[in-house]
Amino acid sequence: CGAMRRKTLLLLLAPLGFLTIDTALAAKAANGPLLKLFETTWQEDLADDPLSATSLGDTRYNDKLPDMTQVTIDARQKKNYTRLQSLAKINREKLTKEDQLNYDLFERDIKNRIGEYQFKPWMFAVTTGSGPQQLAEVAEYAPFNTGKDFDNWIARINASGLYIDQWIVLLTQGATEGLTQPRVII
């Protein structure tokens, strides 16, 4: 009944010029959920990887280190499935061409995250760009301008024992399962 009234009202008002459809506004409304998903993912990723957040200039997590426990790694993977489900609810066809590309790239990234999980890359992720040795590099880009900056650094140093212990567990499990970097890399 209400839908019928709206349809009738639209049919009556449109020829009179009272109704104009702004396709840009419609596209903007269509991309709202997509942009929200991007922002949520970005914020979750920053919280999950405080070292990356610091390297990008986000100081909210400067007192933290990543949680490298298996439970947390598994929880991150579950978030990826949730993200993919949320993305599937967004009508791609209603998006602008630019946002369709963003949709496709985001979908590809999340599917890659899900797909690589089976290979357990966290068990051998000691490279020049990742691993517990990154802590020394953080001092090169972390801010040291205020007392809070120094307090944050001290909190990170105090948490580094647990962080390194988590890496030891992961790398030991990786070695036990035969998941290591090739000898030439190490």
Side-chain angles (χ1 to χ4, degrees), residues 34-88 102-186:
L34 182 66
L35 295 178
K36 183 178 180 189
L37 179 59
F38 290 169
E39 181 63 18
T40 300
T41 301
W42 177 253
Q43 294 303 325
E44 289 173 349
D45 286 352
L46 290 173
D48 287 342
D49 190 353
L51 298 178
S52 289
T54 300
S55 73
L56 294 168
D58 188 329
T59 61
R60 293 177 292 166
Y61 309 105
N62 281 1
D63 61 334
K64 297 179 178 18
L65 292 170
D67 184 341
M68 298 302 296
T69 60
Q70 190 63 53
V71 170
T72 301
I73 292 168
D74 293 343
R76 288 183 196 129
Q77 178 69 344
K78 287 179 186 175
K79 279 194 264 189
N80 288 326
Y81 282 104
T82 302
R83 292 168 180 165
L84 203 54
Q85 290 169 346
S86 296
L87 186 66
N102 290 332
Y103 180 107
D104 294 343
L105 291 172
F106 183 80
E107 180 180 45
R108 179 180 176 185
D109 178 55
I110 298 302
K111 284 183 176 179
N112 281 342
R113 292 182 190 192
I114 290 170
E116 74 181 13
Y117 182 85
Q118 67 183 316
F119 301 110
K120 303 177 183 178
W122 57 88
M123 289 190 183
F124 55 92
V126 177
T127 65
T128 55
S130 65
Q133 78 285 358
Q134 253 189 319
L135 283 176
E137 296 171 21
V138 176
E140 295 177 21
Y141 54 80
F144 291 100
N145 302 316
T146 67
K148 175 131 176 69
D149 293 338
F150 286 93
D151 289 342
N152 288 339
W153 183 249
I154 291 168
R156 272 192 170 152
I157 295 302
N158 287 337
S160 65
L162 177 61
Y163 179 65
I164 291 169
D165 287 346
Q166 292 170 354
W167 272 100
I168 290 170
V169 169
L170 291 177
L171 295 173
T172 301
Q173 184 179 354
T176 301
E177 294 181 28
L179 300 171
T180 62
Q181 290 286 357
R183 183 179 304 262
V184 70
I185 292 176
I186 296 182

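Basis for what follows: all heavy atoms, side chains included, without hydrogens, waters or symmetry-related copies. Residue indices begin at 1 and follow the sequence shown.
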Item to complete: Keeping the roles fixed (side chain from Y61, backbone from D48), state whether a donor-acceptor pair exists under 3.5 Å.
Response: no
Worksheet item: When rounded to the nearest 0.5 angstrom, what is the spacing between OG1 in T59 and CG in N152?
Response: 8.0 Å
Worksheet entry | Set of ring-ring contact (aromatic ring centres under 6.0 Å, His included) partners for F144, sequence neighbours left out | F150, W153
Worksheet item: If you take all heavy atoms of W122 and Q70, which pair is closest and at what distance?
Response: NE1-OE1, 3.2 Å
Worksheet item: Which value, rounded to the nearest 0.5 Å, describes the distance between D63 atom CG and T54 atom OG1?
Response: 9.0 Å
Discussion item. With a 4.5 Å cut-off on side-chain heavy atoms, are R113 and K79 touching?
Written reply: no
Practice prompt. Could you tell me whether a side-chain N or O of Q118 sits under 3.5 Å from a main-chain N or O of G115, the two making a donor and an acceptor?
Written response: yes
Kindly list each side-chain donor-acceptor pair under 3.5 angstrom involving residues 167-177, sequence neighbours excluded, with atom names and distances?
unit_1: W167; atom_1: NE1; unit_2: Y163; atom_2: OH; d: 3.3
unit_1: T172; atom_1: OG1; unit_2: I168; atom_2: O; d: 2.7
unit_1: Q173; atom_1: NE2; unit_2: E177; atom_2: OE2; d: 3.1
unit_1: T176; atom_1: OG1; unit_2: T172; atom_2: O; d: 2.8
unit_1: E177; atom_1: OE1; unit_2: K120; atom_2: NZ; d: 2.8

Worksheet item: Are any side-chain N or O atoms of D149 and backbone N or O atoms of T146, one a donor and one an acceptor, separated by less than 3.5 Å?
Response: yes
Worksheet item: When rounded to the nearest 0.5 angstrom, what is the spacing between CG in D58 and CH2 in W42?
Response: 8.5 Å
Worksheet entry | Main-chain N/O of I114 paired to Q77 side chain as donor or acceptor, under 3.5 Å | yes
Fill in: With sequence neighbours excluded, residues passing salt bridge (charged side-chain N to carboxylate O under 4.0 Å, His left out) with R156
none
Practice prompt. Find out whether F38 and L34 are in side-chain contact, i.e. whether some heavy atom of one side chain is under 4.5 Å from a heavy atom of the other.
Written response: yes
Worksheet item: Is there a donor-acceptor pair closer than 3.5 Å between any side-chain N or O of T40 and the backbone N or O of L37?
Response: no
Worksheet item: How long is the span from the CG atom in L87 to the CG atom in L84, to the nearest 0.5 Å?
Response: 6.5 Å
Worksheet entry | Test applied, side chain to side chain contact (heavy atoms under 4.5 Å, CB included); reference residue, V138; option that passes from L65, L51, N62 | L51
Fill in: Q133 side, atom CD; I164 side, atom CD1 - distance, nearest 0.5 Å
10.0 Å
Fill in: Nearest-0.5 Å distance, CZ of residue R83 to CD of residue E44
4.5 Å
Worksheet item: Do N80 and Y117 have side chains that get closer than 4.5 Å, going by heavy atoms?
Response: no
Discussion item. Is it the case that the side chain of Q166 and the backbone of D67 share a donor-acceptor pair, with hydrogens and angles ignored and the cut-off at 3.5 Å?
Written reply: no
